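Here the structure is laid out as structure tokens; the discussion comes afterwards.
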There are 2 protein chains.
Amino acid sequence: MTAARPTGDDLVEMLAALANPLRLRIVARLAHGRDYVSHLAREIGISRPLLHMHLQRLEAAGLITGTLELSEDGKAMKYYEVTDFDLHLTASAVAEAARTLDGPESDPGPTRKERH
Amino acid sequence: MTAARPTGDDLVEMLAALANPLRLRIVARLAHGRDYVSHLAREIGISRPLLHMHLQRLEAAGLITGTLELSEDGKAMKYYEVTDFDLHLTASAVAEAARTLDGPESDPGPTRKERH
DNA sequence: TTCATGTGTAAGAAAGTTCTGACACGTGAA
DNA sequence: TTCACGTGTCAGAACTTTCTTACACATGAA
């Protein structure tokens, strides 16, 4: 399990990344096996720039990772695959995560540094 | 556990509801005990209309429930509390949920009815 | 009546997200 | 050289979300 206890802000980023039907589908596709951008775009039926944007969002959240590889015929291919994330969401888990949110604190939790 | 296997679209709604620092804080607060709108707004430090909006979003997603009650001095008070939701998010769980998404299907999953 | 408390909603500004279409660059094969 | 395939990025339109301000109503107490 990659991130058992992400920061509150990191959790928000992960949730925001998954809170979209298209991105849910992308993760679902990659869960069945790695794929490269152009092919994935054709499979899902969306434009490549659009897919590129969604992949960025998912990768930034740490849910997928991309690696640039060279195919046999010399083409640069960007392959994406899912990370083995594991998020367990309950009311108390949310309460715990909220302690590490940036901004006006109302709960005496451990203070964190600013986002990079 | 309230919704072990929500529809893909319901899952998106739940995730979208949680994917916001303010709403995460609201759920965290309510996880420690029920509260009414005006008081909660003062506690968190936001305006009442704004809180109202966020509560609507959380309730629509099924994460909290509100009940209108009469206080001892006859005032109408809207109390909110968390439901005992339990979401387990992994790549394969997402793959499973994506099968019940509305729209252009690319996976031969069980078809669902339109959103009410 | 007036004040402090509670409820809700509506209009509009500001900011963020989503999506299209066009552009740039690279390779190998015809 | 031209074509088919891969990569990436940018600008702007369209839409959604977030937030403020102002309004409406109700109650009990002063």
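Letters A, B, ... are given to chains in the order of the sequence lines, protein chains preceding strands, and every chain is numbered from 1. Values in this document were obtained by computation on a predicted structure and should not be read as measured data.
- Close to C:dT7, at under 4.0 Å from its OP1 or OP2, lies no side-chain N or O of B:His52.
- Taking side-chain N and O atoms only, A:Asn20 has a distance below 4.0 Å to OP1 or OP2 of C:dT18.
- Distance B:Gln56 CD to C:dT9 P: 6 Å, rounded to the nearest Å.
- Residue B:Leu22 is in sugar-phosphate contact alone, with no base atom involved, counting any heavy-atom pair closer than 4.0 Å across all strands shown.
- Side-chain atoms of B:Arg29 and B:Asp35, non-hydrogen and from C-beta on, never get closer than 4.5 Å to each other.
- Distances shorter than 4.0 Å separate some side-chain N or O of B:Arg42 from OP1 or OP2 on C:dG6.
- The CE atom of B:Met53 sits 15 Å away from the C1' atom of C:dA11 (whole-angstrom rounding).
- Hydrophobic cluster of A:Tyr79: the remaining members, joined at side-chain heavy-atom separations below 4.5 Å, are A:Tyr36, A:Met77, listed by chain and number.
- A:Leu11 and A:Ala97 get closest at one heavy-atom pair: CD2-CB, 3.6 Å.
- Within residues 73-81 of chain B, the residues that place at least one heavy atom under 4.0 Å from DNA chain C are, in residue-number order, B:Lys75, B:Ala76, B:Met77, B:Lys78.
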- Message: Assess the residue pair B:Ile64 and B:Glu59 against the criterion (side chain to side chain contact (heavy atoms under 4.5 Å, CB included)); give the C-alpha distance rounded to whole Å, side-chain angles, the decisive distance to 0.1 Å, and a yes or no.
- Response: CA-CA 5 Å; B:Ile64 65 173; B:Glu59 186 169 33; 4.1 Å; yes
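- Of the N and O atoms on the side chains of B:Asp73 and B:Ser71, at least one donor lies less than 3.5 Å from an acceptor on the other residue.
- Shown here for A:Ala91 and B:Ala31, the closest heavy-atom pair between the two residues is O-CB, 3.8 Å.
- Between the CG atom of B:Leu50 and the C1' atom of C:dA11 there is a distance of 16 Å, rounded to whole Å.
- Of the residues B:Leu40, B:Val37, B:Thr65, the one that meets the side chain to side chain contact (heavy atoms under 4.5 Å, CB included) test with B:Tyr80 is B:Val37.
- When all heavy atoms of A:Val94 and B:Leu24 are compared, the closest pair comes out as CG1-O, 3.5 Å.
- Two residues, B:Pro49 and B:Arg57, neighbour DNA chain D, and the one matched to the more 5' nucleotide by heavy-atom proximity is B:Arg57.
- Across the protein-nucleic acid pair, B:Tyr36 atom OH and C:dG6 atom P stand 4 Å apart, rounded to whole Å.
- For DNA chain D, the span of nucleotides reached by chain B at under 4.0 Å from its heavy atoms goes, 5' to 3', from D:dT17 to D:dG28.
- Both A:Glu72 and A:Arg23 lie near DNA chain C, and the one whose nearest nucleotide falls closer to the 5' end is A:Arg23.
- Dashed line: the shortest gap from a side-chain N or O of A:Arg48 to OP1 or OP2 of C:dG21 is not under 4.0 Å.
- C:dT18 atom P lies 11 Å from atom CD1 of A:Ile26, rounded to whole Å.
- When all heavy atoms of B:Ala16 and B:Arg57 are compared, the closest pair comes out as CB-NH2, 4.3 Å.
- Computed from coordinates, the A:Glu13 CD to C:dG16 P distance equals 14 Å when rounded to whole Å.
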